[in-house]
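Starting from 1, each residue takes its place in the sequence as its number. From a predicted model like this one, the values you see are computed outputs, not experimental measurements.
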Amino acid sequence: MSKHQKRLSVPNSWPVERKTATFTVKAGAGPHGESGVPLLIVLRDVLGYADNRKEARYALNEDNVLINGKAVSDEERPVGMFDIMAFTEREEYYRVFPGEGGRLALTAIEADAAESKLGKIATKTNVAGGDVQLGLHDGETLIVEDGDQYSGGDSVVVDNETSEVIAHFEYEEGALVTAVDGAHAGEIGTVDEIQVTPGSAQNNVLVEQDEGEGFETVEEYVVVIDENFTGDDE
């Protein structure tokens, strides 16, 4: 199987120029599905820390590049929304955040903010023993004891070392959210109304903003965040 991907057909979330060359690296198996961006693209095209695959491999073999607290050695490992990237030797820390047009962008954060990551609850399943398994947007699964408090669409903050939930934000009217896809990707506001759509169609979400006209999007594109996210972003 080819390890190359045509630039013209990459997902919109990939931060690459489409007309500078014919091919780019293909994402390997891992989290985030088709929207995941290969780590090589982040190191080479976004940060400029490597000029080619060979240099990227050398840097990764030093175990100085961490994603969600774990050292990564595979340059094709997918990176996606809300991942935490740490460059320990440089003492640089970034959160992957949705940018304008849905492209993933890196937001510089402090070292303590890099100790945990945000996840949107995509699935909730009862498991043996009475516990509940939460499936997050990036494919990670968590076992929690008090599952009644969690609902699909909520967000949780997970400690990168222990995988424990250290904060929980409910998806409800009044919640602070960001759009992660669609025409309003990267915009932040407060949920004004959740319009329930009968049948299998997605619910609509009306979001109001202190500065701006607000926007409307589908429920799938909305992720609940914490005010600390906007503070770190600054």
Rounded to the nearest 0.5 Å, what separation is found between the CD atom of E216 and the CG atom of D192? 11.0 Å
side-chain contact (heavy atoms from CB on, under 4.5 Å) against A122, all qualifying residues, sequence neighbours excluded: none
Can you list, by chain and residue number, the hydrophobic cluster partners of V158 when the side-chain cut-off is 4.5 Å? I121, V132, L134, L136, L142, V144, Y150, V156, V165
Beyond-backbone contact of V157 with D226, side-chain heavy atoms, under 4.5 angstrom: no
Applied to residues 196-223, the ring-ring contact (aromatic ring centres under 6.0 Å, His included) test, sequence neighbours excluded, yields H184-F215
Could you tell me whether the side chain of L176 reaches within less than 4.5 Å of the side chain of V224, counting heavy atoms only? no
Looking at V205 and E219, what are the two nearest heavy atoms and their distance? CG2-CA, 3.8 Å
Heavy-atom donor-acceptor pair, Q209 side chain to I188 backbone, under 3.5 Å: yes
Kindly determine whether V72 and L39 satisfy side-chain contact (heavy atoms from CB on, under 4.5 Å), including the steps that lead there. CA-CA 9 Å; V72 178; L39 178 56; 3.8 Å; yes
For atom CD of E161, decide whether the heavy atoms of other residues, nucleotides or ligands shown that lie under 6.0 angstrom number more than 12. no
Can you tell me how far NZ of K70 sits from CZ of R77, rounded to the nearest 0.5 angstrom? 9.0 Å
Take I84 and I67, measure what side-chain contact (heavy atoms from CB on, under 4.5 Å) needs, and give me the verdict at the end. CA-CA 6 Å; I84 299 296; I67 299 180; over 6 Å; no
Indicate whether the side chain of E220 and that of Q202 have a donor and an acceptor atom separated by less than 3.5 Å. yes
Pairwise distance NE2(H137) to OG1(T123) - rounded to 0.5 angstrom: 12.5 Å
If you define the side chain from C-beta out and look only at heavy atoms, does anything of V218 sit under 4.5 Å from N204? yes
Minimal non-hydrogen separation, V180 against A185, with atom names: C-CB, 4.0 Å
Within-4.5 Å side-chain heavy-atom neighbours: L66 and M85: no
Is L106 close to V46 at the side-chain level, that is, under 4.5 Å between some pair of heavy atoms? yes
Do you know the tightest heavy-atom contact between T88 and D63? OG1-O, 4.4 Å
Electrostatic pair R53:E76 at N-O distance under 4.0 angstrom: yes
Can you tell me how far the CG atom of D131 sits from the OG1 atom of T125, to the nearest 0.5 Å? 12.5 Å
Provide the closest heavy-atom pair for S116 versus I166 in the form atom of the first, atom of the second, distance. CB-CD1, 3.8 Å
Any salt bridge (Lys or Arg N to Asp or Glu O under 4.0 Å) involving residues 115-125? Give me the pairs, sequence neighbours left out, ordered by first then second residue. K117-D138, K117-E140
Evaluate the side-chain contact (heavy atoms from CB on, under 4.5 Å) criterion for residues H32 and D83: first the C-alpha distance (whole Å), next the side-chain angles of each, then the deciding distance (0.1 Å), finally the verdict. CA-CA 10 Å; H32 301 289; D83 275 344; 2.9 Å; yes
Is there a side-chain contact (heavy atoms from CB on, under 4.5 Å) between L43 and E75 once you walk through the steps? CA-CA 9 Å; L43 296 176; E75 75 276 9; 5.7 Å; no
Going from OG1 on T217 to CG on D181, what distance comes out if it is rounded to the nearest 0.5 angstrom? 8.0 Å
So, do V223 and S155 sit near enough that their side-chain heavy atoms are less than 4.5 Å apart? yes
For residues D45 and V42, determine if any side-chain heavy atom of one lies less than 4.5 Å from a side-chain heavy atom of the other. no
Considering all heavy atoms of both residues, which atom of A114 and which atom of Y93 are nearest to each other, and what is their separation? CB-CD2, 3.7 Å
Say you draw a straight line from OG of S151 to NE2 of H168; how long is it, rounded to the nearest 0.5 Å? 6.5 Å
So do T178 and P98 actually touch side chain to side chain, heavy atoms under 4.5 Å? yes
Verify same cluster id: Y171, L206 (apolar side-chain graph, 4.5 Å): no
With sequence neighbours excluded, tell me which residues meet side-chain contact (heavy atoms from CB on, under 4.5 Å) with D210. none
If I compare all heavy atoms of P78 with all of P31, which pair ends up nearest, and what's the gap? CB-O, 3.4 Å
Show me the pairs that pass ring-ring contact (aromatic ring centres under 6.0 Å, His included) and involve residues 35-55, at least two apart or across chains. Y49-F87
